[in-house]
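The chains referred to below are lettered A, B, ... by the order of the sequence lines, with proteins before strands, and numbering in each begins at 1. When reading the values below, keep in mind they use all heavy atoms of this one structure, side chains included, and skip hydrogens, waters and symmetry mates. The model shown is predicted, which means the values in this text are computed figures rather than measured ones.
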Amino acid sequence: MALIAEVFVNLPARRLNHSFTYLVPDELGQIGPGWRVLVPFGGRKAEGFVVSVGEADAAADAELKSIMDAIDDGPWFTDQMLAVAAWISEYYLCTPAEAMRLFVPGKAGIKSATVYRATGLAAEEFLTGRPPLAGKVYAAVSAGPRTLAQLTGEFDSGAAAVLRLLVRHGLVAAKATARRTARTQYRTYWRLAVDEAAATSFLANLKGRQAQGRLLAALLADGRLGPEDLKRLKVAATTTKSLEAAGLVAAEREAVVRDSYAGAATGALIPAPTEEQRAVLAALLPAVQAKRFESFLLHGVTGSGKTQVYIEAAAAARAAGRQVVVLVPEIALTGQIVTRFKARFGDDVVVAHSKLSVGERYDAWQRLRSGTAGIVIGARSAVFAPVPDPGLFVIDEEQEFTYKQEESPRYHTREVALKRAALAGAAVVLGSATPAVETYHDACAGRHRLLAMPSRVDGSPLPVVQVVDMREELKAGRRSVISAPLRELLTETVDRREQAILFLNRRGYATFVLCRDCGEVMRCGRCAVSLVYHAAGNVLRCHYCQACQPAPDVCPACGSRYIRYFGTGTQKVEEELAALLPAARVVRMDQDTTGGKMAHDRILSAFAAGRYDILLGTQMVAKGHDIKQVTAVGVISADTSLYLPDFRAAERTFMLLTQAAGRAGRGGAPGRVVVQTYSPEHYAVQAGARHDYAAFYEEELACRRELGYPPFASLVKLTVQGEDEVKARRQAEETAAALRARLPDKTMVVGPFAAPIARISDIYRLHILIKTTDTAAARAAFKALGLEKRSDIAIDVDPVNVM
DNA sequence: AGCACGCCGACT
DNA sequence: GTCGGCGTGCTC
């Protein structure tokens with residue numbers, strides 16, 4: 001009886017949500033669930049994921065094709081990983097292959113391509129009278145095998161049509177190829193294969209073969225030589241080959257680990273845990289040691305020493321022989337966690353981040369797979385690290401929205417980690433100074449055990465926050481974006497040779513540009529947003545499609561010269577600071593100044609080294625790093641995030657204020673914070689100023705209950721997209737109507753309504769929002785309507801924003 | 001995703 | 001009449 005395998009093909013087509021059946025050839029009898037394989041698929045080769053293997057039943061299996069090869073030398077997926085992928089596919093409504101490829105570095109283990117070569121058939125007759133492009137393409141293909149991409153690059157897109165013609169007439173043959181994208185890299189070392197005496201006597205009788213002589217002499221001296229040594233000695237491959245053939249030297253292959261973090265400092269002193277930390281660990285460690293699933297919400301103020309708790313918990317998991325996954329919102333901004341884990345655990349730690357090359361990531365994954373490394377630290381994708389035996393998942397700053405993947409599959413890292421941990425019997429630590437409202441609610445409901453660390457390790461008090469009512473500023477005749485109290489704070493700080501951080505959630509110079517004669521606002525031609533003026537380069541830029549155009553001198557609509565710039569971006573604040581505090585050295589950090597690879601680090605370390613007095617920037621300056629001399633923080637406008645059309649706007653604002661305030665005064669000196677706002681009475685601002693999470697939570701929870709938002713209902717956001725505005729709207733309306741007809745009473749279908757940014761890059765976007773307490777029914781309705789297979793509809797389960 | 005099949009406009 | 005446009009459907 002033949003063996004057959006159920007295989008999901010790793011292609012990004014939404015309709016491919018079922019498995020395909022393949023024969024397992026005898027020579028691949030070892031294949032089982034979790035293996036990655038190469039399969040023939042529609043005339044080409046594709047990567048496939050085996051989910052099950054069994055005996056073929058009596059049905060006609062003559063039609064089945066055979067698996068061609070295995071990609072790895074063992075299963076890539078453990079049963080738990082397969083189960084998590086199945087859950088993701090089910091919960092977030094993506095194809096199983098889409099969910100499974102999350103676990104694969106570089107999305108796919110193979111790269112397939114179709115290459116074209118000339119068949120050798122007489123071509124002259126065919127080519128006469130054809131367009132010259134046909135002759136050129138044929139000549140190129142005759143010269144050597146080419147891919148379609150190469151040909152269209154060499155000529156133009158017309159090459160595709162020509163190529164099809166040539167293939168149809170049998171002049172050119174197409175052949176499917178596949179190669180592995182990443183594999184273990186080896187280095188070859190050479191050593192003597194005979195004893196020293198034999199080598200010495202051979203060397204004495206060499207006669208002229210100088211390269212061989214150099215190699216043997218070096219081997220007698222060093223014992224073992226690597227590729228660089230051979231290069232230095234000018235020994236070519238032919239030399240080693242002939243000596244190997246003569247039985248004098250032997251090669252050793254060693255797997256290379258590509259790791260740009262290798263050799264980071266180790267051996268730092270670990271302070272003894274504080275009383276609070278000990279209490280938390282007393283709750284945490286037994287779960288880790290007992291290898292049981294339990295989740296903890298570690299609610300600790302900024303500076304309470306959460307990282308040390310993570311480290312101790314990780315040590316316990318390692319002592320229990322299990323592996324650890326540490327998740328951080330953004331690796332570039334959380335260097336300190338990496339440094340401290342490296343200091344404690346050395347090379348047992350691998351760091352995964354998006355800047356790793358595919359090869360580096362593959363090697364990191366291999367080290368985890370084989371158990372040579374036990375701890376992985378990374379951003380959200382590291383939750384898919386192929387650790388065979390995870391014992392602990394840490395999610396630092398669990399409230400961060402970056403944990404939600406914003407493209408399909410739209411998973412939430414926290415939920416994936418909880419799922420993996422539940423299957424593995426592992427502990428989960430969710431760490432935060434300002435937990436997400438849902439998480440805190442879950443903890444209160446007993447889903448997570450709540451652990452609190454309310455005081456700072458160094459005993460320093462939380463900073464004093466002054467809320468400045470910008471309406472009063474205006475009444476007093478002050479129109480600057482920097483209020484009198486903030487100006488005073490900055491002046492004092494700089495005079496005392498201390499440092500300040502200024503936060504503004506808007507880059508660029510002016511947020512919109514308006515003609516005062518006709519009221520025309522400069523807008524992006526492809527997106528429904530206004531253009532932002534950037535003083536650098538004197539250009540207008542679209543922050544959605546990145547399009548850029550020179551700033552006009554006269555209004556393009558009416559020709560008027562009265563063009564005014566409104567709104568405030570980081571560039572404008574930078575300019576105002578220069579006028580207000582000419583002595584202060586200001587450095588700006590936003591997307592525009594951090595383009596380069598290590599630009600973040602460069603700016604931050606220059607600031608930390610005291611080469612600047614004021615760090616001015618967007619979101620990214622509010623996070624993670626702690627710089628000792630910073631005693632003052634200014635929030636230019638708390639309102640930008642407060643009045644976004646989103647039910648999480650208040651939460652976003654509160655988080656921001658708390659984080660920003662957390663930057664001030666961590667080195668012992670008391671910190672001072674100024675928050676500017678037009679809504680000083682808003683509870684998010686008030687609670688943020690008092691560092692009062694409980695007050696914010698109670699108020700916010702009441703609002704959510706009132707409006708039926710999470711955690712009191714689940715949300716699903718559908719985005720209907722299309723180039724044709726009318727068609728897209730009709731599709732959206734039909735979909736909403738179909739859902740209303742089908743969904744139970746516990747469900748509310750809102751919309752369709754135009755997305756807050758109704759058009760991006762010429763694609764119209766409409767939203768439909770589903771609020772439900774019966775997610776299973778909602779999911780069933782989506783499936784019955786086939787929404788998950790539609791390419792014009794994006795489904796976002798548990799969206800982090802509804803914009 | 002690719003690639004084939006299939007049914008309508010502009011050229012020899 | 002052919003070539004070629006890209007809409008629809010399929011890939012074990």
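By the 30° and 60° cut-offs, the orientation of the rings of H767(A) relative to F753(A) is perpendicular.
With a 6.0 Å cutoff to the six-membered ring centre and a 45° limit on the axis angle, R361(A) counts as a cation-pi contact of W365(A).
The minimum heavy-atom distance linking I331(A) with G378(A) is given by the pair CD1-CA, 4.0 Å.
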Expected list for residues 16-27 of chain A: side-chain donor-acceptor pairs under 3.5 angstrom, two or more places apart:
residue	atom	partner	partner atom	Å
S19(A)	OG	E6(A)	OE1	2.6
T21(A)	OG1	E6(A)	OE2	2.9
Y22(A)	OH	P40(A)	O	2.8

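Atom CG in D724(A) sits about 13 Å away from atom P in dG7(C), given to the nearest Å. Between K45(A) atom NZ and dC3(B) atom P there is a gap of 14 Å when expressed in whole angstrom units. For the pair R14(A) CZ and dG2(B) C1', the computed distance is 19 Å after rounding to whole Å.
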Taking N or O atoms only and anything under 3.5 Å, show me the protein contacts with nucleotides 9-11 of chain C, one pair per line.
residue	atom	partner	partner atom	Å
dT11(C)	O3'	G42(A)	N	3.1

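In this structure, F384(A) has its ring center under 6.0 Å from that of F103(A).
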